[in-house]
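Just so you know, residue 1 is the first one in the sequence shown, and it goes up from there. As the structure lists them, so they are numbered: ligands from 1, and atoms in each ligand from 1.
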Amino acid sequence: MIPISVVSLGPEVEQLVLQVLRSGHLAQGPMVAELEARFAALTGVPHAVAVNNGTTALVAALQALELQPGDEVITSPFTFVATLNAILEAGAVARFADITEDYTLDPAGVTALVNERTRVIMPVHLYGLPADMSALSSIADEHSLALVEDAAQAHGASFDGRGVGSFGLGCFSFYATKNVTTGEGGIVTTHDDALADRLRLLRNQGMRARYQYELAGHNYRMTDLQAALALPQLDRLVETTARRRTNAGRLLDGLAGTPGLLLPGTPAGREHVWHQFTVRVTSDARIDRDALTAALTERGVGSGIYYPKLVHDYDCYRDSAAVIVDPTPVAQRVTTEVLSLPVHPGLTDAQVDEIVSVVRDLLG
Ligand SMILES: *Cc1c(COP(=O)(O)O)cnc(C)c1O
């Protein structure tokens, strides 16, 4: 089986983890500080605040903005459920603008939803492709809105040469399957000194100095053991991302012209980091998306459906006054068509060619 993702960390990670174990300093300490400094540099911002997971990163970013009850956050309906859950956890109201054909938030759809209660635009850099940060930043400026970027899948991606996570508050995940992993982990990036300070207080019980509490905070801390996993991966991120890009290029070349298959594009000016390689199986394909998924499994090619439904389309959100649903026809259609194929840096060229030949065989 060619898996949809693999975790492969290598000997440097083992060394660093041993170093932490032997230091006796297991909770937040020097490794976390090192990770923060390096991740801030990677993103191109002065501040990065590590937290215990990517969902917490989103929640903390929204809490740092001090949203009031009834304040609205406009996001994408085509995302992982954490995006929505974070908005609800922060006590805000979620609204959903449609996406464009590249799977990211449609700026025109966002503009149509802005009203006097809107406080935040929360784009998702889905599959590692930056959303249109130029247009979204303009809308945010024009209406004095905050930008919270869900960059959970987009470590090192950039828009017009600027790192994602540097346009507003950037929220990254280090979950096991993400492009950089600590098992569980996350980080928030920002240019803003005051927001960074507030994030650090929120993370640590609201504590400024020993037993001096300035706000009702939480324990959002990451451990040094987790941070040690990430450091060697940051050393190799340019290399592993290049490998993802090479694999994506080989898939694009090999699958070009396959009937019933739409391939992912990369709009000009955006650096895609290929967290996922996601195709669309259209209605004129020989077999439908779900039949293709099953056939791929049978032929030893792993795949994934991210995501099979709109994020709010579950009974648990149906009656919530904090979830306001407007029509999003593009996102709705895309949920029935998307299929992600393996693109991770652990693939050999032969495995990529095997994926191409199996898909072509099933759809050709
Ligand atoms: C993974 C992910 C998250 C949440 O990150 P966790 O570390 O799993 O909490 C949020 N948004 C998106 C788009 C994700 O893919």
Side-chain angles (χ1 to χ4, degrees), residues 4-5 7 32 35 39 48-63 73-90 92 94 96-97 99 102-105 120-131 133 136 147-157 164-165 168-189 199 202-203 218-223 225-227 229-230 233 244 264 272-278 304-312 314 317 331 334-335 338 340 343-344:
I4 184 77
S5 72
V7 178
V32 170
L35 172 61
F39 207 85
V49 180
V51 294
N52 53 359
N53 61 61
T55 309
T56 303
L58 292 166
V59 172
L62 291 170
Q63 288 173 334
V73 178
I74 302 173
T75 191
S76 168
F78 189 57
T79 182
F80 182 56
V81 72
T83 316
L84 170 54
N85 285 341
I87 295 169
L88 300 180
E89 173 81 23
F96 307 92
I99 56 172
D102 67 20
Y103 311 121
T104 66
L105 203 51
V120 180
I121 304 174
M122 192 190 270
V124 181
H125 306 306
L126 197 72
Y127 308 141
L129 178 70
M133 294 315 295
L136 294 170
L147 271 175
V148 174
E149 303 173 62
D150 185 336
Q153 305 184 357
H155 317 73
V164 303
L169 284 156
C171 303
F172 295 82
S173 166
F174 298 129
Y175 179 65
T177 57
K178 301 290 158 80
N179 289 21
V180 177
T181 178
T182 59
E184 298 278 6
I187 202 161
V188 186
T189 52
L199 284 164
L202 281 166
R203 172 175 65 179
H218 308 261
N219 176 356
Y220 290 157
R221 296 183 305 266
M222 177 189 271
T223 68
L225 271 173
Q226 290 165 291
L229 301 187
Q233 293 175 71
R244 287 177 182 274
H272 198 321
V273 294
W274 298 105
H275 174 61
Q276 298 292 349
F277 183 93
T278 303
I305 295 172
Y306 314 112
Y307 296 89
K309 279 156 72 104
L310 298 180
V311 70
H312 53 70
Y314 293 87
Y317 302 116
V334 158
T335 58
V338 286
S340 299
V343 73
H344 58 80

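Looking at ligand 1, you'll find an N or O of Gly54 within less than 3.5 Å of one of its N or O atoms.
The nearest heavy-atom contact from the protein to atom 11 (N) of ligand 1 is Asp150 OD2, 2.8 Å. Protein heavy atom at the shortest distance from atom 7 (O) of ligand 1 is Ser173 OG, 2.6 Å. Looking only at protein heavy atoms, the nearest one to atom 9 (O) of ligand 1 is Thr55 OG1, 2.5 Å.
With a heavy-atom cut-off of 4.0 Å, Thr79 touches ligand 1 through its side chain alone.
Remark: ligand 1 atoms within the under-4.0 Å shell around heavy atoms of Asn53 are 7 (O), 9 (O). Of all the atoms in ligand 1, the ones that sit under 4.0 Å from a non-hydrogen atom of Ala82 are 3 (C), 4 (C), 10 (C). Residue contact check: Ala152 has heavy atoms under 4.0 Å from atoms 2 (C), 3 (C), 10 (C), 11 (N), 12 (C), 14 (C), 15 (O) of ligand 1.
Contact of the Met122 side chain with the Leu58 side chain is registered, since non-hydrogen atoms from C-beta on lie closer than 4.5 Å. Phe78 places a side-chain heavy atom less than 4.5 Å from the side chain of Val334.
For the pair Lys178 and Phe172, the cation-pi test (distance below 6.0 Å, angle within 45°) is failed.
Of the candidates Gln276, Gln153, Lys178, Lys178 brings a heavy atom nearest to atom 2 (C) of ligand 1.
Side chain to side chain, Tyr317 and Asn85 meet the donor-acceptor criterion of an N or O pair below 3.5 Å. A side-chain donor from one of Tyr220 and Gln63 sits under 3.5 Å from a side-chain acceptor of the other.
In the displayed structure, Tyr175 atom OH is contacted under 6.0 Å by at most 12 heavy atoms of other residues, nucleotides or ligands.
Between His312 and Phe96, the ring-plane angle classifies as tilted under the 30° and 60° cut-offs.
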